[in-house]
**Q** 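Starting off with a structure, shown below.
Only heavy atoms go into these numbers, but all of them, side chains included; no hydrogens, no water, no symmetry mates. Just so you know, these numbers come straight off a predicted model, no measurement behind them.
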Amino acid sequence: MPESNNHNSPSPSTQGSRRSSSSSSWPLNFLLFSILVPVAAALVILYQLDPFDPAPLPLHELSHRVAAAPAHNAHMLKGSEFIGAGALVAPEDVAYDSKSGLIYTGCADGWVKRVTLNESAADSVVENWVNTGGRPLGLAHGHNGQLLVADTEKGLLSISEDGEVELLTDEAEGVKFKLTDAVDVAKDGMIYFTDASYKYSFKDFIWDVLEGKPHGRLLSYDPTTKETKVLVPDLYFGNGVAVSPDQNFVIFCETVMRRCKKYYLQGEKKGNVENFIDNLPGTPDNIRYDGEGHYWIAFSTEITYSWNLALRFPFIRKWLAIMEKYTAGRPHMEKNSGVMAVNLEGEPIAHYFDPGLSLISSGIKIGNYLYCGSIIYPYIIRFDLERHPAHATT
């Protein structure tokens, strides 16, 4: 007799089990389908109806090679102390007065504070000096003892040694400043500063970044004539400002385009704009000259893979804007914040950063220390450059 093939056929109990499994998964699949399809449709409609309209950025203007420094210290926090912990509220910029030995910094509570430095960070003394009634950002010392303040809410201010606040200017060419950001002063007394955006305020700065349109300006203010001029319009978040030591040009940072440019103040190139350094590994905020042949550029974040995608593709920036507007907020994308030192020719020298840092906004070298401000931390970071130097990368 031929052998039976019953052992190759599923038993009635197995068939029943499969039918039961299939029938039980069908409602679950239908439920998921019925939920996901309307959600996806709603998201598509929300994307189409939301009026926020990001623009492509001219990234083709950047150099092909990233401006990488030959020396790094990727663990900046390990060599850092905290100055004024608890007494400072987001000290954005740090300005040093070599005559008095004091640090001046502008805080989120409106106070311009003075910090007396000591060898021990814990012994540093913080003094509430002047409250501008706004939000002081960039600072620079004038030639007559005054402190120049780029106040994002008030405009360009001058504070006398006695603490009297004077508004110098708050508009140019009939357009009010919305985000007065950084300031420096030349030897002839001319003041150079930026309005990062004439459309968005400081609390809404992320919208300017995501929109990707040039709302920023580099400006000058003449204390003698009281005249305010627009030197360079259409900047992609115009930020830090530093007059060169030879007074030939002023450097200004474009945060969104991750570059610093220079505007010539005299000579055959007067009025022309050229690159100083571009395709930076981070988004530049303030830039400061240390008097020793180096500029220090603060990076609020490195250009991560996710940031790079967002900068390249407007539709990603629109989704981030939608998340910012309609949900608990966009993903936290800022990391490896820090400071880069470059020489007078704009060549990278050393890069100090840390994965635990974000939104560092300024850095200035005083003696053997690097002092850093930020828009989130309740202290100034002091980093020992001598004990924790950057090392050559292989």
**Q** Show which residues join Val149 in its hydrophobic cluster (side-chain heavy-atom contacts under 4.5 Å, direct or indirect), or state none.
**A**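 Reading the cluster by chain and number, Val149 sits alongside Leu102, Tyr104, Val112, Trp129, Val130, Leu139, Leu147, Leu157, Ile159, Val165, Leu167.
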
**Q** Please verify the inter-ring angle class for Phe315 with Phe313; under 30° counts as parallel, over 60° as perpendicular, anything in between as tilted.
**A**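 Tilted.
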
**Q** Between CD of Glu254 and CD of Glu61, what distance do you get to the nearest 0.5 Å?
**A**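 Output value for this atom pair is 8.5 Å.
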
**Q** Does Val115 belong to the same Ile/Leu/Val/Met/Phe/Trp/Tyr cluster as Val125, with side-chain heavy atoms less than 4.5 Å apart forming each link?
**A**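 No, no single cluster joins them.
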
**Q** A quick test of your reading: do over 12 heavy atoms of other residues, nucleotides or ligands sit less than 6.0 Å from CD of Glu386?
**A**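 Counting neighbours around CD of Glu386, 12 or fewer heavy atoms of other residues, nucleotides or ligands fall under 6.0 Å, so no.
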
**Q** To the closest 0.5 Å, what do you measure between CD1 (Ile375) and OH (Tyr377)?
**A**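 Nearest 0.5 Å value for the CD1-OH distance: 10.5 Å.
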
**Q** Does NZ or CZ of Arg382 lie under 6.0 Å from the centre of the six-membered ring of Tyr369, at an angle within 45° of the ring axis?
**A**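 Ring-cation test returns yes.
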
**Q** Below 6.0 angstrom between ring centroids: does that apply to His72 and Tyr352?
**A**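 No: the rings miss the under 6.0 Å criterion.
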
**Q** For Asp285 and Glu92, run side-chain contact (heavy atoms from CB on, under 4.5 Å): C-alpha distance rounded to whole Å, both residues' side-chain angles, the deciding distance at 0.1 Å, then the answer.
**A** CA-CA 10 Å; Asp285 198 310; Glu92 197 268 350; 3.5 Å; yes

**Q** Taking only residues two or more places apart in sequence, or in another chain, which ones meet Tyr263 in a ring-ring contact (aromatic ring centres under 6.0 Å, His included)?
**A**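 Tyr263 satisfies ring-ring contact (aromatic ring centres under 6.0 Å, His included) with no other residue.
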
**Q** Could you check whether the rings of His215 and Tyr198 sit parallel, tilted or perpendicular, using 30° and 60° as the cut-offs?
**A**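 Because their plane-to-plane angle is over 60°, the rings of His215 and Tyr198 count as perpendicular.
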
**Q** Look up atom CD1 in Ile287 and atom CZ in Phe276, then write down how far apart they are to the nearest 0.5 Å.
**A**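 Reported to 0.5 Å precision, the distance equals 5.5 Å.
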
**Q** Kindly compute the distance separating NZ (Lys78) from CG (Asp384), expressed to the nearest 0.5 Å.
**A**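 These two atoms lie 15.5 Å from each other.
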
**Q** Report the C-alpha distance between Lys229 and Glu173 in whole Å, list the side-chain angles of each, state the deciding distance to 0.1 Å, and finish with yes or no for salt bridge (Lys or Arg N to Asp or Glu O under 4.0 Å).
**A** CA-CA 8 Å; Lys229 288 184 179 180; Glu173 298 181 351; over 6 Å; no

**Q** Out of Phe202, Phe52, Tyr200, Phe237, which residue meets the ring-ring contact (aromatic ring centres under 6.0 Å, His included) rule with Trp207?
**A**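 Only match with Trp207 under ring-ring contact (aromatic ring centres under 6.0 Å, His included): Phe52.
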
**Q** Can a donor-acceptor pair be found between the side chains of Asn248 and Gln266 at a distance below 3.5 Å?
**A**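 Asn248 vs Gln266: donor-acceptor pair found between side chains.
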
**Q** Salt bridge or not between Arg288 and Asp93? Use side-chain N to carboxylate O under 4.0 Å.
**A**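 Here Arg288 pairs with Asp93 in a salt bridge, since their nearest N and O are under 4.0 Å apart.
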
**Q** What I want to check is whether the side chains of Asn118 and Ser124 have a donor and an acceptor closer together than 3.5 Å.
**A**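 Per modelled atom types, Asn118 and Ser124 side chains form no pair under 3.5 Å.
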
**Q** Students often mix this up, so state it plainly: with edges at 30° and 60°, are the rings of Phe383 and His388 parallel, tilted or perpendicular?
**A**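 Taking His388 first and then Phe383, their aromatic rings sit tilted (interplane angle of 30° to 60°).
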
**Q** Crowded around Lys325 NZ? As in, over 12 foreign heavy atoms under 6.0 Å?
**A**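 Counting neighbours around NZ of Lys325, more than 12 heavy atoms of other residues, nucleotides or ligands fall under 6.0 Å, so yes.
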
**Q** Which distance, rounded to the nearest 0.5 Å, do you find between the CG of Leu137 and the OG1 of Thr105?
**A**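 It is 10.0 Å, given to the nearest 0.5 Å.
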
**Q** Please answer whether the main-chain N or O of Ser337 pairs with a side-chain N or O of Thr301 as donor and acceptor at a distance below 3.5 Å.
**A**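 No; judged by distance alone, with no hydrogens or angles, the pair does not exist.
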
**Q** Do Asp246 and Ser244 get their side chains close enough for a donor-acceptor pair, meaning under 3.5 Å?
**A**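 Yes, a side-chain donor-acceptor pair sits under 3.5 Å.
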
**Q** Any salt bridge linking Lys199 with Asp195? Criterion: basic side-chain nitrogen under 4.0 Å from a carboxylate oxygen.
**A**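 No, Lys199 and Asp195 are not salt-bridged.
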
**Q** Is it true that Glu292 and Lys365 have a side-chain N and a carboxylate O under 4.0 angstrom from each other?
**A**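 Between Lys365 and Glu292 there is a salt bridge, with a charged N closer than 4.0 Å to a carboxylate O.
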
**Q** Take a 6.0 Å sphere around NE2 of His143 and say whether it holds more than 12 heavy atoms from other residues, nucleotides or ligands.
**A**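 Enclosed.
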
**Q** Would you check, one step at a time, whether the test side-chain contact (heavy atoms from CB on, under 4.5 Å) holds for Leu148 with Ile191?
**A** CA-CA 9 Å; Leu148 301 168; Ile191 300 168; 3.8 Å; yes

**Q** Does the side-chain contact (heavy atoms from CB on, under 4.5 Å) test come out yes or no for Val339 and Phe353, once each step is laid out?
**A** CA-CA 6 Å; Val339 185; Phe353 58 96; over 6 Å; no

**Q** Looking only at side-chain N and O atoms, does Asn275 offer a donor or acceptor that is under 3.5 Å from a partner on Lys261?
**A**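 Distance-only check fails for Lys261 and Asn275.
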
**Q** Can you name the one residue among Asn336, Asn308, Thr283 that meets side-chain hydrogen bond (donor to acceptor under 3.5 Å, both in side chains) with Glu302?
**A**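 Single side-chain hydrogen bond (donor to acceptor under 3.5 Å, both in side chains) partner of Glu302 among Asn336, Asn308, Thr283: Asn336.
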
**Q** Strictly below 4.0 Å, N to O, side chains only: are Arg135 and Asp151 in salt-bridge contact?
**A**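 No, Arg135 and Asp151 are not salt-bridged.
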
**Q** Search all heavy atoms of Leu280 against all heavy atoms of Cys260 and return the closest pair with its distance.
**A**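 So the two residues come closest at CD1-SG, 4.1 Å.
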
**Q** Please walk me through it: do Arg258 and Asp278 pass salt bridge (Lys or Arg N to Asp or Glu O under 4.0 Å)?
**A** CA-CA 6 Å; Arg258 58 182 188 272; Asp278 74 346; over 6 Å; no

**Q** More than 12 non-hydrogen atoms from neighbouring residues, nucleotides or ligands closer than 6.0 Å to NZ on Lys335, yes or no?
**A**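 Count not over threshold, so no.
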
**Q** Scan side-chain atoms only and decide if Ser362 and Asn286 contain a donor-acceptor pair under the 3.5 Å cut-off.
**A**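 Note: Ser362 and Asn286 side chains miss the donor-acceptor criterion.
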
**Q** Closer than 4.0 angstrom, basic N to acidic O: yes or no for Lys269 and Glu274?
**A**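 Salt bridge: yes.
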
**Q** Applying ring-ring contact (aromatic ring centres under 6.0 Å, His included) as the test, list every pair that has at least one member in residues 159-196; sequence neighbours left out.
**A**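 Checked against ring-ring contact (aromatic ring centres under 6.0 Å, His included) - neighbours excluded - the pairs reaching residues 159-196 are Phe177-Phe193.
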
**Q** Under 30°, 30 to 60°, or over 60°: which ring-plane class applies to Tyr264 and Phe249, parallel, tilted or perpendicular?
**A**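 Judged by the thresholds at 30° and 60°, the geometry between Tyr264 and Phe249 is perpendicular.
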
**Q** Under the side-chain contact (heavy atoms from CB on, under 4.5 Å) rule, what do Leu219 and Thr194 come out as? Steps first, then yes or no, please.
**A** CA-CA 6 Å; Leu219 308 105; Thr194 52; 5.6 Å; no

